[in-house]
Q: 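For reference, the structure I am asking about is given below.
Side chains are part of it too, since the values below use all heavy atoms of this structure and drop only hydrogens, waters and symmetry mates.
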Amino acid sequence: MTRLSLIQRNLKRERLVKKFSKKRITLKKIIKNKKTSPEERIDAINKLSKLPNNSTPCRLRNRCIITGRPRGNYRKFKLSRIAFRELASDGKLPGITKSSW
C-alpha cells in the first residue's frame with residue numbers, strides 16, 4: 001500500500017493543473033505567436049514562470065484509485081494490474097471476463 005501522503009500530493013497536483021490550465025494555455029499561445037512583441041513575450045514568460053511548478057501536467061502520476069500503486073496502471077479503469085485482476089475475477093467489473101481459448 002502506498003503512503004497516503006503520496007496519494008494526497010498527486011490529488012493536490014491534479015487540482016492545481018485543473019485550476020491553472022486555461023491561464024497556462026493562453027500564456028503559451030502568446031509566447032509561441034511570432035507576431036507578439038518581444039516585451040509582451042518576455043512578460044508572458046515571466047508570468048508563466050511564476051505559476052506553481054505543480055500546476056504543470058507533466059508532474060502528474062497515474063496511480064491506482066484503490067491501492068495508490070504508481071506502476072502497471074490501466075488508464076481506462078484507473079486501476080493497477082493487480083487490483084484490476086482481483087476485481088475482474090470477483091466479477092465486480094461489468095463486461096470483463098477472463099479469456100480462454
Q: Could you state the interatomic distance from CD (Glu86) to OG1 (Thr67), rounded to the nearest 0.5 Å?
A: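 Rounded to the nearest 0.5 Å, the CD-OG1 separation comes to 9.0 Å.
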Q: What pair of heavy atoms forms the shortest contact from Ile31 to Ala44, and how long is it?
A: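 For Ile31 and Ala44, the tightest heavy-atom pair comes out as CG1-CB, 3.8 Å.
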Q: Test side chain to side chain contact (heavy atoms under 4.5 Å, CB included) on Asn33 and Lys29 and set out the steps.
A: CA-CA 6 Å; Asn33 189 1; Lys29 281 183 182 177; over 6 Å; no
Q: Between Arg24 and Ser55, is a side chain to side chain contact (heavy atoms under 4.5 Å, CB included) present by the stated rule, with each step listed?
A: CA-CA 9 Å; Arg24 186 172 287 280; Ser55 67; 2.6 Å; yes
Q: To the nearest 0.5 Å, what is the distance between NZ (Lys76) and CZ (Phe84)?
A: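 Going from NZ on Lys76 over to CZ on Phe84, the span is 9.0 Å.
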Q: Please tell me whether Asn10 and Arg61 have a donor and an acceptor in their side chains that are separated by less than 3.5 angstrom.
A: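 No donor-acceptor contact under 3.5 Å links the two side chains.
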Q: Is the shortest side-chain heavy-atom distance between Val17 and Leu60 below 4.5 Å?
A: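 Val17 vs Leu60: side chains touch.
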Q: Verify the cluster assignment for Ile66 and Leu11: are they in a single hydrophobic cluster under the rule of side-chain heavy atoms below 4.5 Å apart?
A: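 The answer is no; the residues belong to distinct hydrophobic clusters.
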Q: Before you tell me yes or no, could you show the steps for Ile82 and Arg69 under side chain to side chain contact (heavy atoms under 4.5 Å, CB included), namely the whole-Å CA-CA distance, both residues' side-chain angles and the distance that decides it to 0.1 Å?
A: CA-CA 9 Å; Ile82 300 164; Arg69 182 178 165 84; 4.1 Å; yes
Q: Which value, rounded to the nearest 0.5 Å, describes the distance between Lys50 atom NZ and Ile45 atom CD1?
A: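 Going from the NZ atom of Lys50 to the CD1 atom of Ile45 covers 13.0 Å.
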Q: Is any side-chain heavy atom of Leu79 closer than 4.5 Å to a side-chain heavy atom of Tyr74?
A: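 No, their side chains stay 4.5 Å or more apart.
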Q: Hey, quick one: are Ile42 and Leu48 part of the same hydrophobic cluster, counting side-chain heavy atoms closer than 4.5 Å, chains of contacts allowed?
A: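 The answer is no; the residues belong to distinct hydrophobic clusters.
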Q: Would Phe77 and Ile96 satisfy side chain to side chain contact (heavy atoms under 4.5 Å, CB included), going step by step from the backbone distance to the final call?
A: CA-CA 11 Å; Phe77 300 100; Ile96 306 295; 3.8 Å; yes
Q: Find out whether Thr56 and Arg59 are in side-chain contact, i.e. whether some heavy atom of one side chain is under 4.5 Å from a heavy atom of the other.
A: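 Result yes, sub-4.5 Å side-chain heavy-atom pair found.
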Q: CZ of Arg75 to CG of Asn62: how many Å apart, nearest 0.5 Å?
A: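 Reported to 0.5 Å precision, the distance equals 5.5 Å.
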Q: Compare all side-chain heavy atoms of Lys78 with those of Cys64 and state whether any distance is below 4.5 angstrom.
A: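 SC-SC contact between Lys78 and Cys64 ruled out.
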Q: Say you draw a straight line from CG of Leu16 to CG of Asn54; how long is it, rounded to the nearest 0.5 Å?
A: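 One gets 6.0 Å once the value is rounded to the nearest 0.5 Å.
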